[in-house]
Engineer: 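Below is one structure. I have some questions about it.
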Protein chains: 2
Amino acid sequence: MNTKRPRRPLTLRDVSEASGVSEMTVSRVLRNRGDVSAATREKVLTAARTLGYVPNKIAGGLASQRVNLVAVIIPSLSNMVFPDVLGGISAELEDTGLQPVVGVTNYSPPREDAVLYDMLSWRPSGVILAGLEHSAVARAMLDNAGLPVVEIMDIDGDAIDTAVGISHRRAGAEMAAEILRAGYRRIGFIGTHMPEDHRARKRLAGFEERLAQDNVSLSAREFYQGGSSLQKGRELTERILAREPELDFLYYSNDMIGAGGLLWCLEKGYDIPGKLGLAGFNGVDLLDGLPLRLATTDARRIDIGRRAARIVAGKETAPENGVVALTPTFKPGDTIRNA
Amino acid sequence: MNTKRPRRPLTLRDVSEASGVSEMTVSRVLRNRGDVSAATREKVLTAARTLGYVPNKIAGGLASQRVNLVAVIIPSLSNMVFPDVLGGISAELEDTGLQPVVGVTNYSPPREDAVLYDMLSWRPSGVILAGLEHSAVARAMLDNAGLPVVEIMDIDGDAIDTAVGISHRRAGAEMAAEILRAGYRRIGFIGTHMPEDHRARKRLAGFEERLAQDNVSLSAREFYQGGSSLQKGRELTERILAREPELDFLYYSNDMIGAGGLLWCLEKGYDIPGKLGLAGFNGVDLLDGLPLRLATTDARRIDIGRRAARIVAGKETAPENGVVALTPTFKPGDTIRNA
DNA sequence: CTGAAAGCGCTAACAC
DNA sequence: GTGTTAGCGCTTTCAG
């Protein structure tokens, strides 16, 4: 094994010499560009294959000034929402020759700047990034880059070029409306304490505004740090109900902690949804296997990925106002009683 | 907004002219390479910043023949195990100047070949890829590439360069031993039907071999297609127990379906772990919030990522035999009775 | 249909 | 400490 690892990677010239065809024509064959006779094409392909030649995109990109990469910048991979977005993006990019390259910011603006800088230094053909809130530095880089920029997940704010997402404000408001319609009145909220999670913040704002319309205000809030897990959902639920035993509804900022809360409540024998209603956010398929299906809002993650990719790929042109608004859809599940 | 998007991206030359310093020295400043006087450095940095210059790594990579990218090739992003591996990799790469670039194969060998080809065409400084089973084409490409190759997750087989992982055969065998020790004898297995999931296959093989040592053989198996979910775990558990009501243990090929099975069994009132024991595989933290903690094997995902990254980064040299064997650790949880 | 020449934006290597 | 020269491996452009 492993006997003759070549010192020098193969170049077009090697294929050219092995096949007796000029570098230029070899290049044409390998890229399916321009007309080449079947005979020549065959010679080249055989030579390339037997040598095990892999083109050098660094050189190719420099010469052609075009790179088939799309930068995708997201806050996290671990909360089971961004993998869905990525799935939508890859699916839609599949037949375009474009390839997504993923960068993760951990919800840190300086880290976002760094990741963006790094990705832009590869001169991608487009950028897809989560959220509408970016540092002045980031905005300047994107302005200077002169490439399509699609901001995803959120549409409550100003887009640089194009935004594809849902209104989290609206998602929050609609959930509030459903909860009120069902007759719940003593409502608690459980969410992350993350100043940089703008979407969760907007959701909560929309939620409280809608409650206020009915003269209801939140009876309790509980915030947590770090990642979401079932365990975290349990702890926070226990804590908020210990503090405010009279609560009749809990709105969670994501499905994972909501599911944890649900499991805890069921164990403790709470009457759900009779005496206590629960709802989460995202619409992950984890919920389908729980003892009761948690009410939630489908955040349209896959669709968001697809539309963003279509725009970057030029399959679809962004609307005049630069906003592609998808509709967050309420999923009642089993944890909100019927009105 | 968006007024003066430049037609031509900025080059070193622009910074050079704006600062009155030669291109070469500008380059030195921007890369922190070689000695440059504080005064010059300041001039350059200011010019670069005010122009909004972003270096072109395509050109840089071509000139220097070095690229700070590490290709990471994994089968899937959606099963909550690879994000952990990725986390370990990024964490360890953070201070090395290297950057992971992720490719996903969906457990398809042809897709793996394609992804690998594509990544190699960017001439990364190293490759980390899941598993030891690769097509002849893939092996040839890796041999030709002349760069460090680390195969992760599995060590049961031959590595190209270096393998970092656990023995799945052993993990299966050890779980079997625990189950037998606890006195269970009528054992069923539930797993994916994926010819390409070699690790699951090896786990099952090790599991059955160990059972055979005690003259026990599997009483039932249930296979499924597609992704894992709680719901799938419920359905399969119901099915296998309908077919073989006498089973006293269920071994699942991953924690997600195991958790689904656990929830279903609890609802149906099974005596767990008294009459029926359950175990999964991976050790994901989802398990911490379930009504009972599912027994499982910690697959050491984060450690695997870290060690692999250390080797690619040259922080650590691979052992002579090319195998970094981590120890899969049994986690008893609450679903196996004490012996 | 095929080839030759020029150069993409940067850095290695060598002057000064 | 700083500048000059020559490519890196490919593709563009223009000839044939």
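The figures here come from the full heavy-atom set of this structure, side chains too, leaving out hydrogens, waters and symmetry mates. Residue numbering restarts at 1 for every chain, and letters A, B, ... go by the order of the sequence lines.
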Engineer: Once you round to the nearest 0.5 Å, how far does CD of A:Glu316 lie from CZ of A:Arg307?
Structural biologist: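 The CD atom of A:Glu316 sits 4.0 Å away from the CZ atom of A:Arg307.
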
Engineer: What string of B, S and - do you get for nucleotides 5-14 of chain D 5' to 3' if you count protein non-hydrogen atoms under 4.0 Å?
Structural biologist: --BBBBBB--

Engineer: Rounded at 0.5 Å granularity, tell me how far CE in A:Met141 sits from CG in A:Leu120.
Structural biologist: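 Interatomic distance, A:Met141 CE to A:Leu120 CG, rounded to 0.5 Å: 6.5 Å.
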
Engineer: Distance check: side-chain N/O of A:Thr25 vs OP1/OP2 of C:dG3, anything under 4.0 Å?
Structural biologist: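 So the side-chain polar atoms of A:Thr25 do come within 4.0 Å of the phosphate oxygens OP1 or OP2 of C:dG3, strictly under.
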
Engineer: For the helix from C:dC1-D:dG16 to C:dC16-D:dG1, measure the angle between the helix axis at one end and the axis at the other, each built from five pairs, rounding to 10°.
Structural biologist: 30°

Engineer: Report, one line per pair, each donor and acceptor closer than 3.5 Å where one atom sits in a side chain of residues 42-55 of chain A; sequence neighbours left out.
Structural biologist:
| unit_1 | atom_1 | unit_2 | atom_2 | d |
| --- | --- | --- | --- | --- |
| A:Thr46 | OG1 | A:Glu42 | O | 2.6 |
| A:Thr50 | OG1 | A:Thr46 | O | 3.3 |
| A:Thr50 | OG1 | A:Ala47 | O | 3.2 |

Engineer: Step by step, work out the salt bridge (Lys or Arg N to Asp or Glu O under 4.0 Å) result for B:Asp303 and B:Arg310.
Structural biologist: CA-CA 10 Å; B:Asp303 291 331; B:Arg310 291 180 59 81; over 6 Å; no

Engineer: In chain order, what residues pass the side-chain hydrogen bond (donor to acceptor under 3.5 Å, both in side chains) check against B:Ser37, with sequence neighbours excluded?
Structural biologist: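 With neighbours one apart ignored, the set is B:Thr40.
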
Engineer: Which residues in residues 39-49 of chain A have at least one heavy atom lying under 4.0 Å from any atom of DNA chain C?
Structural biologist: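 Heavy-atom contacts with DNA chain C come from A:Thr40.
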
Engineer: Pair up each side-chain donor or acceptor in residues 103-111 of chain A with any protein partner under 3.5 Å, not counting sequence neighbours, and list the distances.
Structural biologist:
| unit_1 | atom_1 | unit_2 | atom_2 | d |
| --- | --- | --- | --- | --- |
| A:Thr105 | OG1 | A:Tyr107 | N | 3.3 |
| A:Ser108 | OG | A:Arg111 | N | 3.1 |

Engineer: Does A:Arg31 CZ have over 12 foreign heavy atoms under 6.0 Å away?
Structural biologist: yes

Engineer: Are A:Ser22 and C:dA4 close enough that a side-chain N or O sits under 4.0 Å from OP1 or OP2?
Structural biologist: no

Engineer: Here's a test for you: under side-chain contact (heavy atoms from CB on, under 4.5 Å), which of B:Leu98, B:Thr96, B:Val150 qualifies with B:Val70?
Structural biologist: B:Leu98

Engineer: Can you tell me how far the OG atom of A:Ser16 sits from the CD atom of A:Glu23, to the nearest 0.5 Å?
Structural biologist: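 CD of A:Glu23 is found 5.5 Å from OG of A:Ser16.
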
Engineer: Could you tell me whether A:Arg139 and A:Asp158 make a salt bridge, using a distance below 4.0 angstrom between a side-chain N and a carboxylate O?
Structural biologist: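 The answer is no: the pair does not qualify as a salt bridge.
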
